[in-house]
Each structure stands twice: as C-alpha cells, then as structure tokens.
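Start at 1 and go down the list; that is how both ligands and their atoms are numbered. Because only heavy atoms are used, hydrogens play no part in the values below, and waters and symmetry mates are left out as well, while side chains stay in. All values reported here derive from a predicted model rather than from experimental measurement.
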Amino acid sequence: MRSIEHWIGGTSVAGSEYATVYQPATGQPQARVALGGQPEVDRAVAAAATAFESWSEMSLSRRTKVLFRLRDLVERHEDDLARLVTAEHGKTVEDARGEVIRGREVIEFACGIPQLLKGAYSDQVSTGVDSYSLRAPLGVCAGITPFNFPVMVPMWMHPIAIACGNAFVLKPSERDPSAANLVAQLYADAGLPDGVFNVVHGGKAAVDALLDHPGVAAVSFVGSTPIASYVHQRAASTGKRVQALGGAKNHAVVLPDADLADAARQITSAAYGSAGQRCMAISAVVAVGPVGNQLVELLTQEASTIVVGPGDQPTSQMGPVVTGEARTRVIDSVDEAQKAGATLVVDGRELRVDGHDEGYFVGPCLLDRVTPEMAAYQQEIFGPVLVVLRADTLDEAVGIINANPYGNGTALFTSGGAAARRFVRGVNVGMIGVNVPLPVPMAYHSFGGWKASLFGDTHIHGPEGVSFYTRGKVVTSRWPGGTETFRSDFHFPTAS
Ligand code: NAD
C-alpha cells in the first residue's frame, strides 16, 4: 500500500506508526499515513527554527520570487491536487478544483508581500527625531487543519506566514493527507529553502506536541468547535499567539420579496455541495412570513434532482461523506429530528450508488418544521442535511441567528435594500451574503466567524493574516551631528 510520510527539512521521513486512509467512494483502504508525535514534531520544529534564521533574512524580492513560482506550479498541478482531494475526501473533481483555485488566490495575495509589509515613516516627530514602524516575523508557526479543504485551508495559512519571513509546520488532517505532501514538493520545486515548510502527519499526539512546544511561536487551527476551543486554551497557556476557527450553523433567511426560485437554487447548491461538508455550507433556512410552503416545494424539487455519485465521475454533483462514521452520524441526526417532530420532506438515508455498495454515500435530506430546540438545529451535522425553520418577521429571523452559538456565515435573500441593511447590521456573524449563499471572502479580505466559530482575535488570511504572522516594532531615531543639540532633560520625553 502507498505510504504518505512526513516531510521535514526538505526530505521525506518515515513514520514509526501508521493509520489507514480510505477512499470514501468505495469504502476501501487506499494508502497509509504516518502518525507523528513528540519526536517528529521536535525534529520539524528544529528544522524550521534553523531555516527561519536565513529565510527571515532573505530579501523581499527573493521571497516573492519563490511565491510567484509556487503560484505557477499550483496552477500547473491544479488537476493533480484536485484528484488527490477527490480520492481521499470524496468531493467532486470540479469542487476540488474550486478549492485549489481559492487556495492559489491566497498565494497570489502573498506575492504582494512587499506592499503588505510596508511600514510607516514619520519625519521630524520632534526636532531632529524621526519615527517609523515595521512588522517582523514571529519564528516557527504551526498550522493544524481539517479534512474538508485539504488544499485551501492550509493555503489560508502557510503562504502568508512564509511570505512574512516565518518557517511553517503543517499538521494536516489524517483523513486526506496526500495533498500536503504534493504542496511540499511544489514548494521545493519553487526553490523554497529546506526546512521553511514542513509537514508532520498524525492526530492528537502530533497536535499536542505542537501546542506545547516552546519553539512554536504561533498556532493557526481550523476544525470543529470543541477542538478549536481546546487548541486555543492549550496553546495560549504556553504563551503562543493563537487563532482557532471552529464549526458553524449557517442560516439563509428568505424574505417574501425574494426571487424564490433563484433563492431555492442557490440555497440548494450551498447546502448540498461537497455533501454539506463545508464550514460555510447553508444548513438552516429561515423562511419569513408566507413564503414557507412555496419555498419548501422549490427546495424539494431542487434537492430531488441532485446526482449523487463518485467524485471522479463527471456527472456527479455530490460525492460521499468522508467516513462511515460521518454517514452514520448524518442518518442518526435525521432519524432523531423525525422523532422530535420535524417533517422529512426529502429522504436520502437509503440512497445506494450502483457498484459502490461500500461507499459512504448518503443522499440529500430536507427537514421541514424544525424548531430551535431540536438537536438537528442545535448541532452541526456536517453532512447533506438542510433544516427549515419558520419566522413571522425579519427581526424574529435575526433573533434566531443571534441566539445560535455559532456565528460563521449567513445569507439573506431579498430584493429590498433597507431589509438587507438591517440584516447586515443586526446579525452577530462574521461573513454575510446578500443574495449570495456562500459569502467566502476573497483572499485580500480576511475570513472568520464570531462566537463559537472563532477563538482568538484575528481572522485568517488577507490583511489580518499578515498581522497575525508578524509583530510590530516602532523605532524612534535621532542622529547627533545635525544642527540640533541635545540638552539633558529629566522629564518624560515630549516633542519639541
Ligand atoms: P476536527 O476538529 O475533527 O479536526 C481538525 C484537526 O484537529 C485535524 O487536524 C485533527 O487531526 C485534529 N484533532 C482532532 N481531534 C483532536 C483532538 N482531540 N486533539 C487535538 N487535535 C485533534 O475537524 P474535522 O472533522 O477535520 O473538520 C470538520 C470541522 O471543521 C467542522 O466542524 C467544520 O465546520 C470545521 N471547519 C471550520 C472552518 C472555519 O473556517 N471556521 C473551515 C473548515 C472546517
């Protein structure tokens, strides 16, 4: 069986233990991945610390040359990366290509690092004295990432960290680890010095070793809320800078003045694309006023026509979920919702895909008449399940969203600007769409939720990413020998 090894200091390092990597479309083992722990993390952090010394001294133009080359290589290998993702995650190749492109856009943003790191200069802040500010890299930064975007989410982190002059250790998801190794190879081909980008595979042991390591200056985490909270607390307790992005329950609110057919199409693609395994997936609809029945009818029509199949078949619109456990979790949540009184309008629980009996397939499920007390609403199901709630007014819908513990993304469907403005100002959510179901910010803005969807102060990539991976210095300087003479004063310095 193919082995996926660690990548440390510019070379492949064999594991001492391994876990199996399955193919979700067939349910069959396809590779084994090394499981690292303290020794591998120690080795990777040491390699990164050594590489940091020279990489952080490298001129901006030499750093950006590497990033421009990486950008081209990622574009050239778009299909290879996408197919690795499809084989291990299960999403369709088209969908996987989309994540590679969105990841590449972060590299493109990082290519502008000379502009982004430009400090500020104030001439003559006092007589004969100038002042300027600059951003310095942190050292060794770590990234711990989830299974659902094995290319894009790590690329939210490492291109910016590395462009800022840091070295990086990535701990990708053990469920779909191969893409990280191809990215490491592309960095090497782009001319990145050995040790600046490292990959340690594994699970909790590798994560804990990174969180506790005194040589790691900053941790970026993306994953589920309980682990995000844990990572935030444990890494912060050892003095590290931490950003930990968690789970989500993203609502789409549909007002009576919306184009209902358009809203239903858009909500369906945002709910069931990638089998609902996106942190920005719409998983709850709030139908406002009289639109409920008509909207549910339209959503039913849309969901019933989705073609479910292996991600590498061009006709498939939705692939399997990532594991057998995930499939069971999805089906159990739907069973429970039905028992709690919700109406199951579209039932994908029994779906079978020809020739893929062991695959982790589950079809789209649509639950109507769900209430905020039900587990299907409260929990992040992270599968192809959309729940519909009803509200009398926009304000009631905003109240439902704000009472939810998560605050990642949300969308409003309307033709009215005043309602849209009220919605944007009223919701306690980090990323908002107006007639846009998946408002994933472009690379030059920052991505992040509120409440239980993000622990820490800074959002990821974009300008906040540059702030996260650097710290400020302000220099106040005076050069004796000019016309001014310095008197010895014992009062606190003030400008003169
Ligand atoms: P997960 O939390 O299970 O795993 C994320 C990472 O943490 C993996 O690298 C994993 O190996 C590690 N990990 C798992 N259990 C751990 C433990 N007990 N101790 C230490 N480390 C541990 O998440 P997942 O299932 O891979 O991904 C899906 C989740 O990620 C969903 O909740 C989704 O909403 C969330 N997500 C959020 C965003 C966002 O931007 N907010 C983006 C993508 C995914």
Side-chain angles (χ1 to χ4, degrees), residues 19 21 24 33-37 41 85 88-91 99 102-103 106 142-157 169-177 179-180 199-212 219-235 242-250 274-283 321-323 325-327 329-330 379-383 404-410 429-431 438-441 446-456 458-462 464-465:
V21 179
V33 59
L35 293 180
V41 165
V85 172
E88 293 178 1
H89 174 288
K91 65 176 78 173
E99 82 157 283
R102 294 302 296 263
V106 182
I144 300 156
T145 52
F147 81 86
N148 66 327
F149 285 106
V151 172
M152 180 185 77
V153 167
M155 280 185 188
W156 286 352
M157 306 170 181
V169 180
L170 173 64
K171 204 304 284 170
S173 171
E174 61 275 42
R175 295 186 207 150
D176 44 16
V199 181
V200 175
H201 291 290
K204 182 171 170 54
V207 171
D208 287 350
L210 283 167
L211 301 180
D212 295 344
V219 174
S220 299
F221 172 89
V222 177
S224 60
T225 288
I227 312 296
S229 168
Y230 162 78
V231 164
H232 180 245
Q233 287 178 31
R234 186 153 174 170
V242 200
Q243 52 180 186
L245 283 71
K249 196 83 184 176
N250 306 308
S274 202
Q277 299 170 115
R278 292 178 182 145
C279 62
M280 289 292 275
I282 294 289
S283 48
V321 292
V322 67
T323 57
E325 298 84 69
R327 182 173 180 276
R329 191 190 62 234
V330 169
Q379 290 163 7
E380 182 187 38
I381 300 173
F382 219 58
N404 191 280
Y406 298 107
N408 211 42
T410 187
V429 174
M431 294 169 284
L438 285 178
V440 179
S446 297
F447 179 112
W450 287 19
K451 303 195 286 183
S453 296
L454 187 142
F455 302 89
T458 32
H459 288 190
I460 211 160
H461 71 62
E464 293 199 30

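Between Lys91 and Glu99 the shortest heavy-atom distance is NZ-OE2, 2.7 Å. The shortest non-hydrogen separation linking Ser453 to Gly247 is OG-O, 2.7 Å. The nearest pair of heavy atoms linking Met280 to Leu438 is O-CD2, 3.0 Å.
Residue Lys171 has at least one N or O atom closer than 3.5 Å to an N or O atom of ligand 1. For ligand 1, the polar-atom distance check finds no N/O of Leu245 at less than 3.5 Å from any of the ligand's N/O atoms.
Looking at Met152, Glu380, Glu174, it is Glu174 that brings a heavy atom closest to atom 11 (O) of ligand 1. Considering each of Gly223, Ala228, Ser224, Ser173, the one bringing a non-hydrogen atom nearest atom 2 (O) of ligand 1 is Ser224.
In terms of protein heavy atoms, atom 19 (N) of ligand 1 is closest to Lys204 CG, 3.4 Å. Scanning the protein for heavy atoms near atom 7 (O) of ligand 1, the closest one is Phe221 CE1, 3.4 Å. Protein heavy atom nearest atom 41 (N) of ligand 1, with residue, atom name and distance: Gly246 O, 2.7 Å. Ranking the protein heavy atoms by distance from atom 16 (C) of ligand 1 puts Ile227 CD1, 3.6 Å first. At the shortest separation from atom 8 (C) of ligand 1 among protein heavy atoms lies Thr145 O, 3.2 Å. With hydrogens left out, the protein atom closest to atom 24 (P) of ligand 1 is Phe147 CD2, 3.6 Å, a heavy atom. Looking only at protein heavy atoms, the nearest one to atom 28 (C) of ligand 1 is Phe382 CE2, 3.6 Å. For atom 40 (O) of ligand 1, the nearest non-hydrogen atom of the protein is Phe447 CE2, 3.0 Å.
Once rounded to the nearest 0.5 Å, the distance linking CZ of Phe221 with CG of Leu210 reads 12.0 Å. To the nearest 0.5 Å, atoms OH (Tyr230) and CG (Asp208) are separated by 3.0 Å. Glu174 contributes atom CD, which lies 10.5 Å from atom NE2 of His201 (distance to the nearest 0.5 angstrom).
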**Request:** Would you sort out whether Phe147 and His89 count as a ring pair (Phe, Tyr, Trp, His ring centres under 6.0 Å), showing the intermediate values?
**Result:** CA-CA 7 Å; Phe147 81 86; His89 174 288; 5.5 Å; yes
**Request:** Evaluate side-chain contact (heavy atoms from CB on, under 4.5 Å) for Met157 paired with Val222, printing each intermediate quantity in order.
**Result:** CA-CA 10 Å; Met157 306 170 181; Val222 177; 3.7 Å; yes
**Request:** Give the C-alpha distance, both sets of side-chain angles, the deciding distance and a yes or no for side-chain contact (heavy atoms from CB on, under 4.5 Å) between Asn250 and Thr410.
**Result:** CA-CA 5 Å; Asn250 306 308; Thr410 187; 5.8 Å; no
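When each of Val440, Val153, Val106 is paired with Phe447, the side chain to side chain contact (heavy atoms under 4.5 Å, CB included) condition holds for Val440 and for no other.
The Asn148 neighbourhood of ligand 1 comprises atoms 43 (C), 44 (C), with distances under 4.0 Å to a heavy atom of that residue. For ligand 1, the atoms lying closer than 4.0 Å to a non-hydrogen atom of Val207 are 20 (C), 21 (N). Close contacts of ligand 1 with Trp156, meaning ligand atoms under 4.0 Å from a residue heavy atom, involve 40 (O). Counting atoms of ligand 1 from 1 in the listed order, those under 4.0 Å from a heavy atom of Cys279 are 34 (O), 36 (N), 37 (C), 38 (C), 39 (C), 40 (O), 42 (C), 43 (C), 44 (C). Interface atoms of ligand 1 facing Asn408, defined by a heavy-atom separation under 4.0 Å, are 41 (N).
In this structure, Arg175 is part of the shell of residues with a heavy atom less than 4.0 angstrom from ligand 1. At a 4.0 Å cut-off, not a single heavy atom of Gly449 sits close enough to ligand 1 to count as contact.
Counting only heavy atoms from C-beta outward, the side chains of Asn408 and Cys279 approach each other to under 4.5 Å. Here the side chains of Gln243 and Leu454 are not in contact, with every heavy-atom distance at 4.5 Å or above.
In this structure, atom 4 (O) of ligand 1 has its sub-4.0 angstrom surroundings free of protein heavy atoms.
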